[in-house]
Amino acid sequence: MRTLIKHLLAATQPLDTVTVQAWIRTRRDAKGFSFLELNDGSCFGSLQCVVDAGAPGYEGIAAFTTGASATVEGRLVASPAQGQKWELRATRIELVGPADSTYPLQKKGHTLEFLRTIAHLRPRSNLFGAVFRTRSRLAFAVHEFFQSRDFFYIHTPIITASDCEGAGEMFRVTTLKGKPGEKPEADFFGKPTYLTVSGQLEVETFACALSNVYTFGPTFRAENSNTARHAAEFWMIEPEMAFCDLNGDMDLAEEFIKAMARHTLEHCAEDLAFFARFVDKTLNERLKFVVERPFVRVPYAEAIEILKKSGRQFEFPVNYGQNLQSEHERFLTEEHFKSPTTVFNYPREIKPFYMRLNDDQKTVTAMDVLVPGIGEVIGGAQREERPAQLAENMKAHQLNEKDYWWYADLRRYGTVPHAGFGLGFERLLMFLTGVANIRDVIPFARTPGSAEF
RNA sequence: UCCAGAGUAGCUCAAUGGUAGAGCACGCGGCUGUUAACCGUGUGGUUGUAGGUUCGAGUCCUACCUCUGGAGCCA
């Protein structure tokens with residue numbers, strides 16, 4: 001029976017007969033025996049195997065090359081040499097699948113750009129193994145966080161007919177062949193449909209029934225964005241809470257990020273050590289800071305004053321009523337506060353229709369959580385729960401009320417104050433691993449002009 | 001989409017307008033409880049594509065393609 005390398009490396013005593021099945025990272029030949037370094041992805045580390053020339057299978061040792069897969073049986077013994085606690089004394093080796101000299105993953109380091117061109121093989125590298133183990137663990141942590149706080153997981157639709165949610169350009173979903181004269185009514189759903197850009201509006205309906213809910217699913221934006229932090233397909237987490245205001249929303253957002261950082265420190269230590277050493281030297285310090293210190297909270301108007309008084313020459317001028325530019329966000333979170341920073345109460349003109357209007361009649365209950373190195377990682381708000389005000393907001397945003405009849409109904413029947421936010425899972429991963437490009441924290445990145453694999 | 005930069009061996013990179021090279025990978029030989037092993041040696045090229053200037057272009061010019069960084073949009 002196969003034993004994962006993860007369990008062998010964590011052994012507390014020698015083991016008599018074990019079977020390992022893995023991919024060969026490298027082979028080093030010595031006089032009369034060979035070292036095989038095996039990795040099965042179950043953990044960061046590899047297992048060193050010592051294969052004597054007399055062991056069954058050794059006659060074919062030349063084919064045990066980097067990238068090949070193999071089965072090795074043997075005894076787990078304490079290693080006499082430096083570098084590893086345990087090693088496997090092989091009693092039998094068997095090649096499962098060969099890898100010839102064209103195998104592109106060398107023992108040496110590769111650039112991230114090159115590895116993106118072999119996205120089907122890069123999970124076998126140290127970095128990407130670590131990234132995707134961490135990704136899996138954090139996905140689990142997301143559910144654990146919400147489930148332990150009595151949130152229900154809601155599967156909002158991937159296909160939506162709402163073409164004006166305001167979150168971004170949408171991908172069309174159609175079964176039409178694109179022939180001239182085809183009418184939308186002839187399409188599969190009888191009307192134009194799209195891939196979702198957010199599950200928020202739908203999940204609000206469940207918050208107004210089950211109280212605390214969240215989504216965690218794929219999200220699509222057809223924006224022609226070419227940056228290190230945008231992808232056309234990404235995973236978004238959207239909690240929504242009934243009987244909750246902006247303060248409760250900000251509390252949850254900060255608690256959530258802290259919990260994810262804590263979880264990474266506690267459960268991904270080995271992979272994290274690799275990130276801290278080779279990807280981002282400041283990672284450990286940053287994660288501990290995030291866990292231990294409260295986030296800064298600053299109203300938008302105050303943030304504008306800070307930027308104006310900074311004496312800094314920004315490329316884009318700082319003006320009340322305009323969105324914060326990347327350089328402004330970076331200044332606030334990286335230089336001024338040197339801390340994750342939540343900016344709230346934005347001018348109503350620059351935010352969507354569903355955000356609640358404050359008593360000053362000028363700002364809405366929006367909040368963005370900015371983190372050093374990434375920028376915006378969370379965007380959220382308390383929702384407008386007053387029917388008349390919502391109608392007015394929609395008019396101001398030139399939206400057709402009829403398209404949102406069910407959304408407005410939530411305010412018509414038993415309306416409640418409620419709030420939530422959206423968080424890009426990949427951006428969270430970037431923040432927690434130090435990996436600087438979103439294409440490197442998602443298995444197969446979809447970006448403009450690129451849907452290979 | 002805009003601005004900037006880069007495309008040369010499988011990978012990472014050199015190469016005054018004048019004979020395309022190195023390290024690594026890979027092959028072969030040697031050595032060794034090795035561990036990004038080591039020593040020797042060999043194979044490896046339509047210099048992103050298409051034009052142009054020139055006696056001569058990897059190098060200069062034009063267009064296009066791809067990638068990277070920054071910006072916008074956002075999560």
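The analysis underlying the following values was restricted to heavy atoms, covering all of them including side chains, and did not include hydrogens, waters or symmetry mates. So that the names make sense, note that chain A is the first sequence line, chain B the second, and so on, each numbered from 1. All of these numbers come straight from a predicted model, not from anything done at the bench.
Taking 4.0 angstrom as the limit, R28(A) places a side-chain polar atom (N or O) nearer than this to OP1 or OP2 of rA37(B). For K107(A), a side-chain nitrogen or oxygen approaches OP1 or OP2 of rA37(B) to under 4.0 Å. Taking 4.0 angstrom as the limit, N226(A) places none of its side-chain polar atoms (N or O) nearer than this to OP1 or OP2 of rC2(B). Residue R330(A) places at least one side-chain N or O under 4.0 Å from the OP1 or OP2 atom of rA71(B). Taking side-chain N and O atoms only, Q325(A) has a distance below 4.0 Å to OP1 or OP2 of rG72(B). Within the 4.0 Å cut-off from OP1 or OP2 of rG10(B), not a single side-chain nitrogen or oxygen of T102(A) is found. OP1 and OP2 of rC67(B) both lie 4.0 Å or more from every side-chain N or O belonging to T117(A). Between R116(A) and rU68(B) there is a side-chain N or O to OP1 or OP2 distance below 4.0 Å.
Taking atom P on both rG52(B) and rA57(B), the two are 12 Å apart, rounded to the nearest angstrom. Distance noted for atom P between rU47(B) and rU59(B): 10 Å (whole Å).
Here the side chain of T26(A) is nearest to one of rA75(B), rA37(B), rU32(B), namely rA37(B). Nearest to the side chain of N323(A), among rC74(B), rC26(B), rG69(B), sits rC74(B). Distances were taken from every side-chain heavy atom of S326(A) (C-beta onward) to each of rU12(B), rG33(B), rG72(B); the shortest belongs to rG72(B).
In this structure, the aromatic ring of F35(A) is not positioned over the six-membered ring of the base of rG33(B) within 5.5 Å between centres and 30° between planes.
A donor and an acceptor atom sit less than 3.5 Å apart, one in the side chain of Q84(A) and one in the base of rU34(B). Taking only distance into account, the side chain of R439(A) never meets the base of rG69(B) through a donor-acceptor pair shorter than 3.5 Å. Residue-to-nucleotide contacts include a donor-acceptor pair under 3.5 Å from the side chain of Q106(A) to the base of rG10(B).
Ring pair F234(A)/F425(A): centre-to-centre distance not below 6.0 Å.
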